[in-house]
Structure formats: C-alpha cells, structure tokens
There are 2 protein chains.
Amino acid sequence: MVEELDPRKKRILQAIIQEHIISASPIGSRTLAKKYNLDVSPATIRNEMADLEDLGYLEQPHTSAGRVPSDKGYRYYVDQIVSREKNEAPGVIENIENLYQDLQDVQDIISGMAKMLSNMTHYTAMVSEPKSQVSRLKKVEIMQLADNSLLLVLVTDAGMVNNKIINLDQSLSTGKISYLNKFLSEKLENKLLANLDTRYLKEVEKELMARLDLSVGLFKQFYNEFEGAFEPGGVKVYLGGTSYILEQPEFNDLEKVKKMLRLLDQEEMLNKIINSISGSDLEIKIGQENEVEDIKNCSLVVATYYISNRAVGKIGVIGPTRMEYPRVISSVDVISDILGKLISKASG
Amino acid sequence: MVEELDPRKKRILQAIIQEHIISASPIGSRTLAKKYNLDVSPATIRNEMADLEDLGYLEQPHTSAGRVPSDKGYRYYVDQIVSREKNEAPGVIENIENLYQDLQDVQDIISGMAKMLSNMTHYTAMVSEPKSQVSRLKKVEIMQLADNSLLLVLVTDAGMVNNKIINLDQSLSTGKISYLNKFLSEKLENKLLANLDTRYLKEVEKELMARLDLSVGLFKQFYNEFEGAFEPGGVKVYLGGTSYILEQPEFNDLEKVKKMLRLLDQEEMLNKIINSISGSDLEIKIGQENEVEDIKNCSLVVATYYISNRAVGKIGVIGPTRMEYPRVISSVDVISDILGKLISKASG
DNA sequence: GTTAGCACTCTCCTTAATTGAGTGCTAAAA
DNA sequence: TTTTAGCACTCAATTAAGGAGAGTGCTAAC
C-alpha cells in the first residue's frame, strides 16, 4: 500500500499539498510550474499528476479542474515528507513556560494550554483532563460544613482536586469525623484510582461498619461520589478557539458549521473523539481515518502528555484535512511537553 | 414617549410582531388581513401601518417591502401587550426539580440549568455564578498534601467551593498547620466576602505574624488566593446551547456568526453583558438598549436568582431581537426560581 | 522521455429579464 | 369622516444567458 514514489513525483505531490494548504482550491499544472522550480514544463507535470491520481494520491473535483490531495496523499505527506522536528522559534518554549509557571491550579493550566495551542495553530484545540485511572489518590479528607453537611475533598497525585458536598440525614460528632478521616486516609490514600472500584469500596465499608456505629446509608453516599468523581468515561475536555473553525474556507457552508458546533457542544462526543486516538506519542488522523462519522472531513493531531513518565492525558487540535501539518505537529508537540511539565510542577 | 395606542393599532402591532416572530421577514397588509381577523381591509391596515411607522413602532427595510417591528415596537409589545405570567405546562416545574434534585455540586447545578434553559427556549443561555460579594465565607481549611504543598479550601454559604494548591518554600509542622487552621477559622469564617479585602487581610497577617513564627512570604500567598478566588469581576459564566444561535435566520450571514461566536468565546465579554443588567427581577434589553456594541442586534432576557432571599446571580438567554418573548420570559422566570431553590437546598 | 499546441470542459461571474409581494395615492362608497 | 377598491409604481429575489478563465487530455513534433 505504501509504495515509494520516485523523487519527481514526490516533489510534485509536496508542491501540490503545500500550494493547496495555502489556497484551499484545486491546483493546476501551470500554477505549479510557475511557483515551484520543478524544471519541467506544465505538460510533464500534467502527466505526473495523472499518474498520481491513478495511484490515489490526488483527486479531481471535476474534469478540467486542478488536482486536490486525497486523504492518502496527505497521509504520504505526513509520513514521508514532513519532518517531525520541533521548529518553534528559539525562546518560545521558555516564554510560554514562564508565562504559565505561576499557575498552581491544574484546571487553569489545562484551559490555559488549550487557549495557547489554539492561538498558535489557529485551529480548535482540545485537551483531556489527566486520566485518573493511572493516578493515585493522594489525599482524602472530610470537612464539616454544617450540622448535617460535609465536604469531601479528593486530590490525586496529578494535582486534580475534586470536591463534593454531601448532605446527611444525621449529624456526625467531631470525634467520629476525625476517626473517619483517619480511617479513610489509611484505606484509600496512595492507592491507584483504578483499584478503588466497587468491590474494594464494599470491603472498606464493611470494615468501617464493624468499627463505627454509622447509618447504612452514609458510606453508600461516599462511594457514589468516588465512582462519579474520577470515572474513566467522564474525562472533562477543555476547548479553546472554537471560532477558529469558522475561518476555514471549507466551513463556508452554514450547514457544516452548524454540524461542527453542535458536535463540539457535546462533551461525550469530544470524549469519544479524543479517546479514539491510540496511545502513541503523536498521532495524526486524516479525514476518513477518523472513527467518528461527523469529523471524517477533518484531521486530528493529538499528542499524549506525561506526568512523571506516565501517560495521563491527550492534547490536540482539530481542523480541516487541509491543515498546516508541519506547523501544527510542532506546536502540539511543544505544548504537550510544556503541559506535562507545568502539571508535574504544580502538583509537586 | 410611551403614548397609549388606540385598540386597533395595538391589535395590528401585536399581529405584526407575532407574525414576524414566526416568519422572520417583513409583514405586508394583505397577509395580515388574511391571517388575523382584524375585520378591516388591507387598505385600512396599510394606513394604520403608515401611522405606526410615523410613531416609530415599525420600520420598512425598503419601499415596497412589508413592515418590521422596531426596537421601540418590541418594547411596547413586551411592556404593554405580553403578560408576565408563568405559563409552563403543569408539572414541568416539578419534573425539572426532581430531575436535578440529586445534584449536590453547585457548579453542576448551574451548568445543568444553563443547558435546560437553552433547551427550553432554543436560544443560547448564560448563567453567572453566585456572586461572592454578598456571600459569607462558611469554611476555610488548609490541608497538607506533601511536605511543602498545601491545599487551601474555601467554601461559601452559597455552596461555592474553591480550592487552590499552594507550594511553599518551607515545610510546616502538623502543629503549625492545625494552629493556622484554627486561627484562620476564627478570623475569616462567617465574614462577608466583601469585607475580606486587602486592608482586613493585612491586619490578620500582622496578628498572625505576631503569634506564629512564619516566613513573611507565606501569608502573602494566601491572600493572593483569597482575592483571586472570589473577585467580583471574575464571575464565571456558564453557557448552554451555543449552536442554537445558528438556527436563527438573522444569523444566516457567516460574518455575523463569527462575530457572535468570538463574542461568546470571551469570558470577560459575557461578564460585561450579564453584569450590564440592572438589579431588577426580570429585565429585558432589546437591541439598541444593550450597552455592549456587538449585541445591539440581539435581545437579552435576564432574571436574578436568589439564595435565602439575597440576590446572588443572574440567569438569562440571548437571542435575536425577534425573540419569542412570551415563552422566553416564562421560561427564564421559572428556571431562575428553580435554580435558586436547588442551590439553596444543595448548600444546606 | 519531454514539450508545444490546441480543442474541449466545466465553474464562476456578470448582466439582463422576469416575477411577485407590497406600497402609496386617488377617488368612490359607506 | 372613515373605509375600501383600483392602479401605477418600486424594489428584492430568482432565473437565464453569455462570456471569461483556468485547466485538462490528446496528438504530434522535438
């Protein structure tokens, strides 16, 4: 499937893609000959283009229009032509790091990085929260707010803080609360969230009931919160630069814009999209390669970010298949590094 | 300025507005005569329409087009014709309350209500977080996460929970932390947030320094957090149903859509918009009446919601001036009531 | 293998013609 | 005095037609 193209075909394919990325319209042989030093005449280019079309790298919207890269063409471009080096201007990385280094709050860092990425690429950016399943519960604490109202605070070692207010049908004495705190700390802290499943929590409940005289309903409320707080499907996705998609000529059609915005409005969909990307460091999905139907005319560039060498979340951009891959790849790469660093630092 | 219209003019104005809300296009005399039982001929209606135009209630996009309501026309309609009764179907209120009554988290309630409101009205909904200035600080607590990393948790009586991770350049003993907790509880809890200003916090700091041997930098970090956590300008605004604006024919122009979406992307702008609304219970701003330039072709219907009889936040919708006011007014009214109730309940 | 030349194709833009909804005015009817 | 019918007029929106332009594929010569 991935045949090697002869150098001239390769150069022509690259030129077409680069030109198409700029102009967003079909590219003809004359334009190509004029703008790129290919040292051959338009007629020759035409022959090569016909070959490239036969091989599936190009498409023709209609007879007598120029050629447009196909998904396969972009795939070849991304795999065989584009270098994956980070080529940000020197100092950019340091500047961004400095700009955000004072942020302590993980959620702030994430949404800040989403905005930064969308500003850099001029596409819509999405970041998933650090995945809890590979995180450990660093701290669990219960605080009394009022007679029958408690605040449960959960902190993971990725720095995610989650709090839930719990209303009880009975009040707890200060002693019982401090016992409960000690007990929960012992049983739950430093455990992998993945291990805090219903089975384990049931056990803990049993043990607790044996030691402390509590109403049956209380602990049930707790572990509802646990399960809800960090459940795998419910990863929050942060968006940045939604309005950038409107600047793409392929979204000149109002119907398409509507579809896209409705998609981005639904958090479950974003989850599905960002989680459909496999685990590799930097993954690119082009057009039809996407699993989610509604974005089969879009491309995704998604990187995984790491906290203390553990893969925890994804960050990427979504744009038209006609995307400035070299620039975007570099930006996503850089920002995912910075994101990992910032969170590691903030969560101590 | 607000002259009383004779009954026939009033009926005609009402008919034109109702028809225009449905069709989104200029209304002619013949259509009106056919669809509404006005018992006069089109010619008579034409004369009345000319009068209404002279009075400023109607506008004509161009000679030989029908008439369109002006801002003044809508204002008259809203003030003099539309009843402000809640006319939701029986049971709807109870259903919504039941649906959301299990939510304990104030942020969840707010974003849920934003979504609900946008679904009911088919316009974009916005809700501001409970305003902190009139809230009291119910609970302040510091938890140790690691040697030199603390978690500061703040809870207001409106149920808003705010947490910040603070990294120190020194570590604190358990004793000092528990002293700090007791001290801060005494000094800060049950105070109005409005009173926790820099001046007061400076005082507290002084007193603390006198009693406890702490590095000068520590408390500074704390009150940076305090000020940042609940500052008045930084009210978060929750959006729901952004894509609904695209369904309005007045946004058939891509440029307008872009402008609008860019506007909604900026949180500061939303703040400015929702805070430009004065304090009355249910306020309607029509077109030019809006202060923010970019929404002078939109209408706002905003209600204030209350927690224990204190005005704390705003909830409303934004849509084209050609808005279904009666339905929207009722929905906003109902949802603001429910929102207040739900938050009151959740925050005990 | 490469290139020039040429007929052919298809979209896009501009211009012109047509249609249709709606008005304002005038004069007659109520 | 108010209402209505009749009619000429206006203007946006739609349709039709006629280039203009960009590009291709093919053939024949280099």
How long is the line joining CD1 of A:Ile12 and C1' of C:dT2, in whole Å?
-> 13 Å
Spacing of A:His62 atom NE2 relative to C:dT11 atom C1', expressed in whole Å = 6 Å
Any idea how A:Tyr77 and A:Tyr325 line up, ring-wise: parallel (<30°), tilted (30 to 60°), or perpendicular (>60°)?
-> perpendicular
Taking for A:Ser64 and for B:Thr63 the nucleotide of DNA chain D with the nearest heavy atom, the one nearer the 5' end belongs to B:Thr63
Considering just the side-chain nitrogens and oxygens of A:Ser41, establish if one lies under 4.0 Å of OP1 or OP2 belonging to C:dT2.
-> no
Ignoring backbone atoms, establish whether A:Arg8 has a side-chain N or O less than 4.0 Å from OP1 or OP2 of C:dT2.
-> yes
Over 12 foreign heavy atoms within 6.0 Å of CG, A:Asn37 = no
Considering residues, nucleotides and ligands other than B:Lys259, do more than 12 of their heavy atoms fall under 6.0 Å from its NZ?
-> no
Separation of atom CZ in A:Arg46 from atom C1' in C:dT9, rounded to whole Å = 14 Å
Go through B:Lys115 and B:Tyr238 one step at a time and tell me if the side-chain contact (heavy atoms from CB on, under 4.5 Å) criterion holds.
-> CA-CA 9 Å; B:Lys115 273 189 194 127; B:Tyr238 294 74; over 6 Å; no
A:Arg262 bridged to B:Glu247 by N-O distance under 4.0 Å | yes
Could you tell me whether A:Lys314 and A:Glu283 have a side-chain N and a carboxylate O separated by less than 4.0 Å?
-> no
Report the distance from atom CD1 of B:Ile16 to atom P of C:dG22, rounded to the nearest whole Å.
-> 12 Å
Whole Å only: how far is the CG atom of A:Asn47 from the P atom of C:dT2?
-> 9 Å
Range on DNA chain D touched by chain B, heavy atoms, distance below 4.0 Å = D:dT3 to D:dA12
